S.K.: 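My questions all concern the structure below.
Worth saying up front: this structure is predicted, and the values here are computed from it rather than measured. All chains are named by letter (A, B, ...) in the order of the sequence lines, taking the proteins before the strands, and each is independently numbered beginning at 1.
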Amino acid sequence: MHHDQGIHLRSVCKTYRGRGADVEALRDMNLDCAPGSFTALIGPSGCGKSTAMRIALGLEDYDTGEVRIAGHPPAAATASGVTGVAFQDAALLPWRTVARNIALPLEVLGRDPAKHGHEIAKLIDLVGLKGYETALPGQLSGGMRQRVSIARSLITEPEVLFMDEPFGALDQIRRRQMNVELQRIWMESGSTALLVTHGIDEAAFLADYVVVMHANPGRVVEIIEVPFERPRRNELYSAPAFHALCDRIAKVLHGE
Amino acid sequence: MANRAGFLRSGTFRNLAILILVWEVVGRVDWIAGGALPGLSEILIRLWADRGDYPGHVWATVQASVLGFVIGNLVAVGAGILFVLFPTLLRLTRGFNIAVFALPPIAIAPILVLTLSGMAPRITLAALGVYFVTMSATVVGLSQFDTRAADVVRAYGGKDWMVMKLVRLRGAVPDILSGLRIAAPNAVLGAILAEFGGGGRWGLGTYLLGSLGRGDPARLWGIGLVATLIAGLSYLVFAVISARTLGSSRSVTLNTAIPDADDGAERSLPLRLAVIAGAALLPFFLWWAFIKLTGVPDLIAKTPLGVLDYLFLSDTSHIARAKLLAALAETLPITAIGMLAGLGFAFLLAISARMFPGFIKTFMPIALVTQTMPLVALTPLLVLILGRGTSVTLWITISVTFFPAFVLLVQGIQRVPQSVLDLPRAYGASAWTELRMVSIPAALPYLFAATRLTVPRALLGVMIAEWLATGTGLGNLLNQSRGYLDYGMIWTVAAVSVCLSVAFYYAILLIERRTLTRLGMQWVE
């Protein structure tokens with residue numbers, strides 16, 4: 001196994017033992033994300049893509065296999081602050097301002113938020129929320145809340161960035177705008193990114209590699225390389241080569 | 001929408017004005033029980049004439065209420081946090097918690113007066129009145145946290161205490177505040193009840209008791225109004241605080257993943273039995289420890305064993321038992337009948353609320369005001385109107401069970417989603433069919449919850465009426481025993497009434513869980 005700054009899952013198995021029926025969430029899951037790469041994990045509901053990410057974050061245990069995040073086991077990696085995370089729902093604390101929500105990971109990691117005022121201001125600017133530093137989440141739109149969540153995931157200057165359908169709650173138009181911005185933010189950060197999604201065009205637009213998963217049991221069936229130049233622009237959505245790639249991903253998804 | 005809300009409010013004001021006018025006219029012409037209901041102006045004139053008396057009494061009651069409120073809530077929030085961190089502790093103290101909730105304050109007021117001195121009995125009773133409400137609110141608030149926000153904290157290596165600090169404690173604030181709001185009038189009620197039982201010179205309870213024999217309805221009404229005002233204001237203060245602080249801090253999206261309560265189902269049977277036995281014995285142990293710690297002599301303070309000895313082993317046991325059974329035979333039937341009538345009436349009115357929406361809109365504010373009205377203030381007034389017969393006990397029981405049950409039921413039925421109501425209507429169902437298919441089943445869990453929650457209130461209401469007015473049953477036995485210095489009987493009545501309340505509570509809980517589980521419905525906490 002490589003021990004570099006990337007994400008590595010080796011032969012990971014995970015079974016949920018419920019009452020009566022056991023659910024095999026992951027069987028022999030292998031995943032390698034090279035340092036600085038952008039990987040999208042795509043598959044139908046229940047294929048274990050979110051479980052794989054939660055295991056990588058140390059939020060779930062796994063039965064067998066090995067997991068290394070930036071060279072460390074998940075718990076050690078997250079506790080040392082090398083990871084960043086954005087969930088499907090922004091999951092902001094409703095009583096904290098934008099700036100204090102972004103500072104939350106620093107508090108969890110025992111760092112002094114007061115010393116990071118400059119970084120927080122820079123991130124608010126980066127996600128285009130200048131002037132909203134003291135707003136509460138309830139006063140923001142869905143898209144703005146999601147930007148706060150992205151800014152929060154970057155505050156620790158993570159080497160590894162996890163995103164679980166970060167724009168799942170947004171409409172198609174807003175999502176495409178956010179994808180362009182996410183690409184820009186990620187390119188500036190230079191981190192290793194893992195995106196869980198069920199949007200084919202989102203995966204093809206953002207990722208260097210699209211990892212396709214199937215359910216029952218959850219497993220990787222194919223890894224598709226995305227050849228398009230960066231930075232990718234909105235015009236890419238209309239390019240024939242882009243459509244051909246999306247069709248190929250869809251075929252693999254449907255098991256053809 | 002703003003226009004409509006304004007219209008509704010003006011409607012409520014209009015109804016209130018009509019009510020006050022009717023009250024004034026009826027009072028002035030002495031229609032009810034030969035002037036037992038004076039007009040509002042007569043009450044206010046009397047209040048003005050007595051203005052020299054009030055400051056001292058109000059100050060004493062407020063002081064005891066506030067101190068009890070603060071102490072009781074500090075203990076309650078602390079206990080709530082401990083219970084959430086260590087669920088076994090919650091199961092172990094369940095017996096104690098239910099006993100605190102179900103105990104009729106009037107039954108233990110004389111005990112507290114015997115064992116503690118000065119302001120302590122009043123403060124203790126006020127604190128006991130707020131403990132359960134705030135403790136439950138804290139536990140509920142801390143248990144139903146946003147799991148997504150907790151995941152963010154855990155994803156950065158945050159441990160349980162970090163989740164508690166950053167997510168759960170602040171998230172529980174709205175629940176704790178609504179608990180405080182409900183608890184505040186309880187503190188006032190507790191303080192006044194303790195004033196009834198113990199000699200002191202000052203306090204609204206003392207004033208009320210002293211004025212009872214003077215046959216001056218206007219003064220009794222005045223004291224009742226002042227007590228209601230204090231309780232209502234305390235409710236209002238916390239209602240305003242929660243509205244102010246919570247406006248913008250509610251969760252912005254609905255969390256579908258609320259953590260399951262840990263019911264400890266997978267643990268071993270012997271351990272569970274040990275916890276249940278511990279929970280049942282803990283209240284008795286605390287009782288015993290309380291007496292040993294206060295150092296009150298055995299003659300005055302009875303331990304659980306002392307009560308057993310008094311009831312079964314001593315020379316006079318058979319007399320004590322006969323007195324107790326005779327009192328129970330008077331108290332229990334009237335409590336049961338009153339409760340059934342109150343609950344039945346509330347149920348009928350609540351499920352038919354959809355047919356008379358205008359009536360409910362007028363009635364709800366009145367019903368809510370009675371929630372903050374201290375029972376003790378109400379009782380003498382009903383005595384004035386209804387006399388000292390059995391009917392007064394019955395009416396008190398009906399009124400103390402009817403209003404809370406009605407409020408709970410209406411709020412429960414209002415939670416039925418509009419789409420569920422639209423479905424039968426879309427198929428042309430009559431009002432009766434809609435009632436049978438939607439409203440009645442929807443109200444059932446709330447009827448059970450209301451029954452469970454009003455049992456202690458009903459018993460309290462009957463005992464207050466017996467103590468103050470009718471001279472029968474448990475309440476009278478308690479009052480008499482105080483006069484005869486029959487300490488064994490005081491402790492016995494207190495213990496028996498608390499045990500009865502707890503037993504009823506559990507009996508209803510059992511029926512409730514069985515029925516609702518069979519119907520596949522969720523119960524209401």
S.K.: For Phe69(B) and Phe238(B), take the angle between the two ring planes, folded into 0 to 90°, and tell me which bin it lands in: parallel under 30, tilted 30 to 60, perpendicular over 60.
M.R.: tilted
S.K.: Given side chains that start at C-beta, do those of Lys49(A) and Ile42(A) come closer than 4.5 Å, heavy atoms only?
M.R.: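 They are not in contact (no side-chain heavy atoms under 4.5 Å apart), so the answer is no.
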S.K.: Is it the case that Lys14(A) places NZ or CZ above or below the six-membered ring of Tyr16(A), under 6.0 angstrom from the centre and within 45 degrees of the axis?
M.R.: yes
S.K.: Is chain A contacted by the side chain of Val167(B), its backbone, both, or neither, given a heavy-atom distance below 4.5 Å?
M.R.: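 Contact with chain A is through both the backbone and side chain of Val167(B).
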S.K.: For Gln88(A), is it the side chain, the backbone, both or neither that has a heavy atom under 4.5 Å from a heavy atom of chain B?
M.R.: neither
S.K.: Is any side-chain heavy atom of Ile7(A) less than 4.5 Å from a side-chain heavy atom of Asp32(A)?
M.R.: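 Counting from C-beta outward, Ile7(A) and Asp32(A) never come under 4.5 Å.
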S.K.: Quick check on the structure: residues of residues 149-158 of chain A within a heavy-atom distance below 4.5 Å of chain B, by number.
M.R.: Arg152(A), Ser153(A), Thr156(A)
S.K.: Is Glu202(A) paired with Arg176(A) through a side-chain N to carboxylate O contact shorter than 4.0 Å?
M.R.: no
S.K.: Once you round to the nearest 0.5 Å, how far does CZ of Phe167(A) lie from CG of Leu195(A)?
M.R.: 8.0 Å
S.K.: Pick one: which of Asp146(B), Ile81(B), Leu142(B) meets side chain to side chain contact (heavy atoms under 4.5 Å, CB included) with Arg168(B)?
M.R.: Leu142(B)
